[in-house]
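In what follows, every chain begins at residue 1, and chains take the letters A, B, ... in the order their sequences are listed. These numbers come from a predicted model, not from an experiment. Computed from heavy atoms alone, side chains included, the values below leave out hydrogens, waters and symmetry copies.
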2 protein chains.
Amino acid sequence: MNLSPLQQEFVLHFGEMGSRWGINRTVGQIYAVLFLSSAPLNAEAIQTALGVSRSNVSMGLKELQAWNLVRLRHLPDDRRDYFTTPDDLWEIVRTLVAERKKREIDPTLTKLRELQMQRPATAEDRHAHARMTELRELIELMTGWYDDVERLETERLIQLLTLGSKVRGMLDRMPAIPGLSRRETKEDEGGV
Amino acid sequence: MNLSPLQQEFVLHFGEMGSRWGINRTVGQIYAVLFLSSAPLNAEAIQTALGVSRSNVSMGLKELQAWNLVRLRHLPDDRRDYFTTPDDLWEIVRTLVAERKKREIDPTLTKLRELQMQRPATAEDRHAHARMTELRELIELMTGWYDDVERLETERLIQLLTLGSKVRGMLDRMPAIPGLSRRETKEDEGGV
DNA sequence: CCTGGATTTCAGAAATTTCTGAAACTAGGT
DNA sequence: ACCTAGTTTCAGAAATTTCTGAAATCCAGG
């Protein structure tokens, strides 16, 4: 398979962005090709489209599968593996967010909870401990919200996003929530 | 400066997470040390705390400054540069989100808009074009929402997040928004 | 229980990123 | 104008990540 100039440029861009997204160039390119393709593709088609080695494609597909970002399909009378991305972009976004949370947030939350078992001894440790508490609470607030929103069906989610600027007006009409001010009580400490 | 076991473990964790967050280990560790410290730190203190070279610290700080994640401070009668992270964690989150959007989303949005100037010729290109449109519209919807939320003062933002599960009930009481169904009209195409 | 197309694994090669020490630079004090 | 304490830059070294080709594995017929 070979790519049209339009596809080509999109794929190249995804490759370059790959590194910023925490995946490597080839994985980004493989994803881009699958994303644009109207039909499922097998490894060989991807290989020729991108001009990389067969094993590289295999590893890339494996990684994309680990991210739940591609679907394995089979065509009748063909035992090769074919891959697609979901037609529904919202499903892709949900997967992306869920997987990033799993990899980038959850381990830190676990670690913070674990570290908070220790009682701080010195003044400096008390400050560090307080700082970790603040961070943990903030992450918990955000992931709690995410858990709620994630369960919304897509129609509702779009509705919520479209609401956008109206959010402010709505909040104005709600009572302030007591006991949730911006900062907790704050201790001052000295020393370099 | 040397770190307590509590600080040490937090710093090491941040270092390891660094790679998943798109920054490198040392940068993650530098940030962690500054985040926990009750007082501003100079480069030498960071160097001894982490046991890395002076130039590495310098580069790390430079990168953190490029991300707007640290503040440069000066103490009286001392011409060394001291650094801190903001006391307010919400400010940190806002910066983080804004910078990641700038680096990870905006370039793609620009590229998509640019690619859409081209008129698709083949059937396959028409499909690719449609797919890009879908993606662009989705990103625009999400960044539009972000732009609104970003302007909320922190109290309101917390209110919004705390609302969480109540969101669903609220949305139920709102009229559905016409013309914004889940998927656009969808063309079917064949061929491998 | 072979055969042959297809996929996966793996060890080393290639490329990229990170880290370092030395040199260059900067600016306040005298 | 020249120290001097401090910071930044930079070229090469070290470490890490990515990529490849060859070999190993898998598995659906025959």
From [atom1] of [X] over to [atom2] of [N], roughly how many Å is that when rounded to an integer?
{"X": "D78(A)", "N": "dG29(D)", "atom1": "CG", "atom2": "C1'", "answer": "15 Å"}
{"X": "D77(B)", "N": "dA27(C)", "atom1": "CG", "atom2": "P", "answer": "20 Å"}
{"X": "I30(A)", "N": "dC19(D)", "atom1": "CD1", "atom2": "C1'", "answer": "12 Å"}
{"X": "L50(B)", "N": "dC19(C)", "atom1": "CG", "atom2": "C1'", "answer": "13 Å"}
{"X": "H74(A)", "N": "dG5(C)", "atom1": "NE2", "atom2": "P", "answer": "17 Å"}
{"X": "E44(A)", "N": "dT8(C)", "atom1": "CD", "atom2": "P", "answer": "15 Å"}
{"X": "I46(A)", "N": "dA6(C)", "atom1": "CD1", "atom2": "P", "answer": "15 Å"}
{"X": "L72(B)", "N": "dT7(D)", "atom1": "CG", "atom2": "P", "answer": "10 Å"}

R119(A) vs D125(A), side chain to side chain contact (heavy atoms under 4.5 Å, CB included): CA-CA, chis, key distance, verdict = CA-CA 9 Å; R119(A) 281 267 138 251; D125(A) 258 14; over 6 Å; no
N/O (side chain, [X]) to phosphate O (OP1/OP2, [N]) under 4.0 Å:
{"X": "N56(B)", "N": "dT20(C)", "result": "yes"}
{"X": "N42(B)", "N": "dG6(D)", "result": "no"}
{"X": "R25(B)", "N": "dT16(D)", "result": "yes"}
{"X": "K62(A)", "N": "dT7(C)", "result": "no"}

In terms of the nearest nucleotide of DNA chain C, which residue is placed more toward the 5' end: S58(A) or R79(B)?
->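 Here S58(A) is the residue nearer the 5' end.
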Quick one: on DNA chain C, does L61(A) or T26(B) contact a more 5' nucleotide (nearest heavy atom)?
->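 So the residue in question is L61(A).
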Quick one: pull up [atom1] in [X] and [atom2] in [Y] and give me the separation to the nearest 0.5 Å.
{"X": "M1(B)", "Y": "E44(B)", "atom1": "CE", "atom2": "CD", "value": "11.0 Å"}
{"X": "R103(B)", "Y": "M17(A)", "atom1": "CZ", "atom2": "CE", "value": "11.0 Å"}
{"X": "R80(B)", "Y": "L75(B)", "atom1": "CZ", "atom2": "CG", "value": "8.5 Å"}

Selection from dT7(C), dC10(C), dC19(D) that lies nearest to any side-chain heavy atom of S55(A) =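 Shortest atom-to-atom distance from the side chain points to dC10(C).
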With the side chain of M59(B) defined as its heavy atoms from C-beta on, choose the nearest nucleotide among dT18(C), dT7(C), dT20(C).
->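 Within the option list, the nearest is dT20(C).
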What about S53(B), does its side chain sit under 3.5 Å from the base of dG21(C) through a donor-acceptor pair?
->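 Under the 3.5 Å cut-off, the side chain and the base do not form any donor-acceptor pair.
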Touch check for R54(A), heavy atoms < 4.0 angstrom, all strands: base, sugar-phosphate only, or nothing?
->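 Touches a base.
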Starting from Watson-Crick (N1-N3 plus N6-O4 or O6-N4) and G-U wobble pairs under 3.5 Å, report the runs of at least three that DNA chain C belongs to.
->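 Result, WC/G-U stems under 3.5 Å: C:1-30 with D:1-30.
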Show your working on side chain to side chain contact (heavy atoms under 4.5 Å, CB included) between V33(A) and F10(A) and close with a plain yes or no.
-> CA-CA 9 Å; V33(A) 172; F10(A) 180 85; over 6 Å; no
Answer yes or no: does atom CG of D78(A) have more than 12 heavy-atom neighbours from other residues, nucleotides or ligands under 6.0 Å?
->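 Enclosed.
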Over 12 non-hydrogen atoms of neighbours within 6.0 angstrom of CD in Q116(B) |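 Yes.
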Same cluster or not: are L12(B) and I23(B) linked, directly or through other Ile, Leu, Val, Met, Phe, Trp or Tyr residues, by side-chain heavy atoms under 4.5 angstrom apart?
->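 No, no single cluster joins them.
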Donor + acceptor pair across side chains of R131(A), S38(B) (<3.5 Å) =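 No, no side-chain donor-acceptor pair sits under 3.5 Å.
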Scan residues 12-23 of chain A against DNA chain D and write down, sorted by residue number, each residue with any heavy atom closer than 4.0 Å; if none is found, say none.
->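 None - not one residue of the stretch has a heavy atom sitting under 4.0 Å from the strand.
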Are any non-hydrogen side-chain atoms of L34(A) and I46(A) less than 4.5 angstrom apart?
->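 SC-SC contact between L34(A) and I46(A) confirmed.
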